[in-house]
Amino acid sequence: MKKLGIGIIGSGGIAQACLMPAFAELSDRCRILAIADPNPDNASKAAQKFEVPHVFSDFHELLRMQEIDAVCIATPNLFHKHAAVASFEAGKHVFCEKPMARNAEEAREMLLAQKKSGKLLQIGFQFRFSGAASFMHRYI
């Protein structure tokens, strides 16, 4: 099976503390190929720490990489909609940290872009898959 090429948009705390280590643990299934962040020092440090070959200050450059199958949006929620819509338009699957958007209208725009693209959208509600949540789901 082909490894998924992952692009990370945003290289701050949640990306470096949670998302990038999780992708690193799945190295048999995926590889982080690029990081995009307007803070080049932060992005370079994250890239070095996780052996990511490409660093961009503009996420649109990351989206032009054909090897990227999916992006992980780890920016402040103010930027989620713009990054997600652009990612879908570039033909990428999207994992977006919570909250999905700043308001219902932005969330609707993200969903319309997702439906138009035919790609997958997952919002990072990580507790949805916890043991307690799974138990309650089965119980209900």
Side-chain angles (χ1 to χ4, degrees):
M1 182 166 100
K2 172 189 171 276
K3 283 187 183 184
L4 287 177
I6 304 295
I8 308 287
I9 299 175
S11 63
I14 193 72
Q16 291 189 49
C18 299
L19 301 170
M20 295 175 81
F23 285 122
E25 285 185 33
L26 297 170
S27 63
D28 60 323
R29 298 180 192 174
C30 64
R31 178 159 185 239
I32 304 171
L33 298 175
I35 298 174
D37 194 298
N39 180 334
D41 291 334
N42 207 32
S44 293
K45 287 176 189 171
Q48 196 169 34
K49 183 177 177 182
F50 291 95
E51 300 178 9
V52 178
H54 302 281
V55 178
F56 302 105
S57 57
D58 181 346
F59 74 83
H60 293 94
E61 294 178 59
L62 177 151
L63 295 177
R64 285 192 276 276
M65 290 181 64
Q66 294 300 313
E67 314 92 282
I68 303 267
D69 300 298
V71 298
C72 183
I73 300 172
T75 63
N77 64 325
L78 166 69
F79 305 110
H80 287 182
K81 182 202 75 155
H82 181 66
V85 169
S87 297
F88 287 127
E89 288 173 350
K92 313 299 184 193
H93 299 287
V94 174
F95 174 86
C96 185
E97 267 302 318
K98 65 180 180 343
M100 180 177 183
R102 293 182 299 170
N103 54 52
E105 182 56 36
E106 287 185 358
R108 272 191 287 278
E109 290 179 49
M110 290 169 69
L111 289 172
L112 285 172
Q114 180 268 324
K115 287 178 183 174
K116 186 176 179 181
S117 74
K119 298 298 180 179
L120 300 174
L121 170 62
Q122 173 72 42
I123 305 302
F125 294 113
Q126 66 273 23
F127 295 117
R128 176 182 300 166
F129 303 106
S130 70
S134 295
F135 169 78
M136 290 305 293
H137 181 70
R138 285 190 307 273
Y139 180 77
I140 291 168

| field | Where Asn77 and Pro99 come nearest, the two heavy atoms and their spacing | value | ND2-CG, 3.4 Å

| field | Pairwise distance CE(Met110) to CE(Met100) - rounded to 0.5 angstrom | value | 4.0 Å

| field | Distance in Å, Arg29 CZ paired with Ile6 CD1, rounded so as to fall on 0.5 Å steps | value | 12.0 Å

| Does His80 use its side chain to pair, donor to acceptor, with the backbone of Ile73 at less than 3.5 Å? | no

| note | Here the pair of heavy atoms bringing Gly10 nearest to Ala15 is O-CB, 3.4 Å

| Shortest non-hydrogen separation from Ser87 to Val94 and the atoms involved | CB-CG2, 3.6 Å

| said: Just verifying a value: how many Å separate Lys115 NZ and Phe88 CZ, rounded to the nearest 0.5 Å? | reply: 11.5 Å

| note | When rounded to the nearest 0.5 Å, the distance separating CD1 of Ile8 from OG1 of Thr75 is 11.5 Å

| said: For His82, give me all partners under ring pair (Phe, Tyr, Trp, His ring centres under 6.0 Å), at least two apart in sequence or on another chain. | reply: Phe59, His60

| Are Ile9 and Met20 co-members of a hydrophobic cluster defined by side-chain heavy atoms under 4.5 Å apart? | no

| request: Under the salt bridge (Lys or Arg N to Asp or Glu O under 4.0 Å) rule, collect the residues that match up with Lys119, sequence neighbours excluded. | output: none

For residues 32-39, which side-chain donor-acceptor pairs fall under 3.5 Å, sequence neighbours excluded?
from, atom 1, to, atom 2, distance (Å)
Asp37, OD1, Asn39, N, 2.8
Asp37, OD2, Ser11, N, 2.7
Asp37, OD2, Ser11, OG, 2.9
Asn39, OD1, Asp41, N, 3.1
Asn39, OD1, Asn42, N, 3.0

| query | What is the minimum heavy-atom distance between His93 and Leu120, and which atoms define it? | reply | ND1-N, 2.9 Å

| field | Residues that Glu89 engages under side chain to side chain donor-acceptor pair (under 3.5 Å), provided they are two or more places apart | value | none

| task | Carefully, step by step, assess Asp69 and Lys2 under the rule side-chain contact (heavy atoms from CB on, under 4.5 Å). | result | CA-CA 11 Å; Asp69 300 298; Lys2 172 189 171 276; 2.6 Å; yes

| query | Just by modelled atom types, is the Ser27 backbone N or O under 3.5 Å from a matching donor or acceptor in the Lys3 side chain? | reply | yes

| query | Who are the salt bridge (Lys or Arg N to Asp or Glu O under 4.0 Å) partners of Arg64, not counting sequence neighbours? | reply | none

| query | Are side-chain heavy atoms of Glu97 and Cys18 found at a separation under 4.5 Å? | reply | no

| query | Does atom CD of Gln66 have more than 12 heavy-atom neighbours from other groups under 6.0 Å away? | reply | no

| said: For Lys92 versus Ile68, what's the shortest heavy-atom pair and its separation? | reply: NZ-O, 2.8 Å

| Same cluster for Phe79 and Leu121 if Ile/Leu/Val/Met/Phe/Trp/Tyr side chains link at under 4.5 Å? | no

| Is there any ring-ring contact (aromatic ring centres under 6.0 Å, His included) pair reaching into residues 22-58, and which pairs are they, with sequence neighbours excluded? | none

